[in-house]
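First comes the structure, then the notes that go with it.
If you're wondering where the values come from, they're calculated on a predicted model, not measured in any experiment.
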Amino acid sequence: MQDKAKNYSNIKYSLSIFGIVYTFILLFLFLGFKLSSSLSLWLISHIPNLFVFPAYLILVFLGYYLLDLPLNFYQSYILEHKFSLSTQSLKDWLKDQFKAGIISAIIGFILIASFYFILRNFPNKWWLVVSLFWIFVSVILAKVMPIIIIPMFFKYKKLSDDLLRERIMRLAEKMKVKLIDCFEIDFSKKTLKGNAAFVGMGNTRRVILADTLKDKYSHDEIEVILAHEFAHYQLKHLLKLMAINSFSTLAKFYLIFKTQGYVLNLFGFSSLSDIAALPVILIYFMLFGIITQPLEAFISRSFERSADSLALETTGLKSAFISTMNKLGEQNLADRSPHPIIKFFFFDHPPIDERIKSAELF
């Protein structure tokens with residue numbers, strides 16, 4: 001099982017690195033061969049100006065999706081079936097891809113359209129206004145995700161196990177977490193992996209249990225899992241992560257603002273407001289993400305350790321925590337003890353063996 005998990009993880013790491021390199025190559029080719037400029041000029045000369053922006057985005061989005069489709073298909077469908085982790089049919093996978101594509105396109109259009117609108121109307125402070133608007137959108141998405149987005153992919157229903165529900169609600173009260181209710185989703189129709197989440201904001205805040213976890217784990221194990229999730233809330237990790245992400249967004253746009261003249265000149269553009277320069281902005285975001293990812297992963301691992309400690313302190317369910325980690329490692333084919341370099345770049349949670357050792361010393 002460990003060899004299988006290590007093999008699965010290594011393939012995922014390789015595909016992730018390949019995907020980043022592949023996207024960079026596509027962006028540089030799109031810019032280097034003046035394809036972006038040619039597409040923009042062709043649209044300007046053939047359709048009304050009002051439709052140039054959406055037409056450009058639609059064509060670029062579809063083009064990238066088709067070019068990325070083989071990698072996406074292998075990564076999210078073939079690989080998961082190869083390692084007996086997926087139960088999803090090809091037809092259902094295609095449906096999910098379509099829905100995810102529509103959602104991504106709508107969100108992407110809102111974000112990019114707001115960027116260009118603000119860029120033209122706030123020429124000196126656009127980086128600040130764009131950052132604030134994007135942060136606002138991220139908060140809205142966090143709030144509506146459990147009531148709009150998740151139900152588009154999974155069937156939602158209230159938790160059928162009344163004893164477990166009462167136990168979760170008592171735990172939430174003990175940890176001063178306000179819950180709307182507890183729900184379960186039909187994860188098993190897509191995957192055999194186990195998962196649980198504490199999602200939403202304000203009046204959409206709720207617990208979601210995958211049926212692959214609810215049906216295979218004891219009440220003690222589920223309680224300690226959710227105590228970990230509630231600990232994030234109690235320790236204000238969610239607010240801290242929002243603050244970190246907000247600062248990261250602000251830093252990205254300020255960097256673009258300060259260096260745009262030199263970088264645009266490299267690719268033959270005179271203004272950031274030129275829609276053909278959009279791939280330049282995407283390159284900025286990818287480079288910034290690569291540079292900051294290890295730091296963000298380090299902070300996340302620190303938060304996860306703190307949440308583990310508080311969950312153990314609150315519940316006292318040490319043996320249940322250890323058995324849960326072992327079950328999740330086997331069920332999800334997790335890399336229990338990755339190489340330090342892999343951990344540095346890819347792991348936003350401490351590896352399972354590390355979490356178990358910490359629990360044993362608790």
Task: Nearest-0.5 Å distance, CG of residue Leu272 to CD of residue Gln260 - done: 5.0 Å
Open item on the list: Quick check for you: to the nearest 0.5 Å, what is the distance between Glu221 atom CD and Thr315 atom OG1?
Closed with: 12.0 Å
Open item on the list: For Phe285, is the CZ atom crowded, meaning more than 12 foreign heavy atoms sit under 6.0 Å from it?
Closed with: yes
Open item on the list: Looking at every heavy atom in both Asn124 and Phe257, which two are closest together, and how far apart are they?
Closed with: O-CZ, 3.6 Å
TODO: Side-chain contact test, heavy atoms from C-beta onward, threshold under 4.5 Å: evaluate it for Phe24 versus Leu287 and give yes or no.
DONE: yes
Task: Close side-chain approach of Phe198 and Leu226, heavy atoms under 4.5 Å - done: no
Using distance only, find each side-chain donor-acceptor pair of residues 149-156 under 3.5 Å and give its atom names and separation, not counting sequence neighbours.
from	atom 1	to	atom 2	distance (Å)
Tyr156	OH	Pro146	O	3.1

Open item on the list: Is there a side-chain hydrogen bond (donor to acceptor under 3.5 Å, both in side chains) between Thr191 and Glu80? Walk through the geometry before answering.
Closed with: CA-CA 8 Å; Thr191 179; Glu80 297 299 299; 5.0 Å; no
Task: Residue among Arg165, Lys157, Arg206 satisfying salt bridge (charged side-chain N to carboxylate O under 4.0 Å, His left out) with Asp181 - done: Arg165
Task: Candidate pair Lys190 and Asp96, rule salt bridge (Lys or Arg N to Asp or Glu O under 4.0 Å), full reasoning - done: CA-CA 10 Å; Lys190 300 181 190 293; Asp96 278 357; 2.7 Å; yes
TODO: Decide if the gap between the ring center of Tyr284 and the ring center of Trp127 is smaller than 6.0 angstrom.
DONE: no
Open item on the list: Looking at every heavy atom in both Val280 and Leu264, which two are closest together, and how far apart are they?
Closed with: CG1-CD2, 4.4 Å
Open item on the list: Ignoring hydrogens, what is the shortest heavy-atom contact between Ser131 and Thr249? Give both atom names and the distance.
Closed with: OG-O, 3.7 Å
Task: Shortest non-hydrogen separation from His228 to Ala311 and the atoms involved - done: N-CB, 3.5 Å
Task: Aromatic ring proximity Phe288/Phe253, centre distance under 6.0 Å - done: no
Task: Closest heavy-atom pair and its distance - Tyr217, Thr212 - done: CE1-O, 4.2 Å
Open item on the list: Tell me if a side-chain donor or acceptor on Tyr22 pairs with a main-chain N or O of Leu67 at a distance below 3.5 Å.
Closed with: yes
Task: Gap separating the CG atom of Asp211 from the CD1 atom of Ile185, nearest 0.5 angstrom - done: 7.5 Å
Task: Residue pair Tyr8 / Leu333: nearest heavy atoms and the distance that separates them - done: CD2-O, 3.5 Å
Please tabulate, for side-chain N and O atoms in residues 340-353, each donor-acceptor pair with protein atoms closer than 3.5 Å (sequence neighbours left out).
from	atom 1	to	atom 2	distance (Å)
Lys343	NZ	Glu354	OE1	2.8
His349	NE2	Glu304	OE1	3.3
His349	NE2	Glu304	OE2	3.3
Asp353	OD1	Arg336	NE	2.9
Asp353	OD1	Arg336	NH2	3.1

TODO: Could you tell me how the ring of His46 sits relative to the ring of Trp42: parallel (under 30°), tilted (30 to 60°) or perpendicular (over 60°)?
DONE: parallel
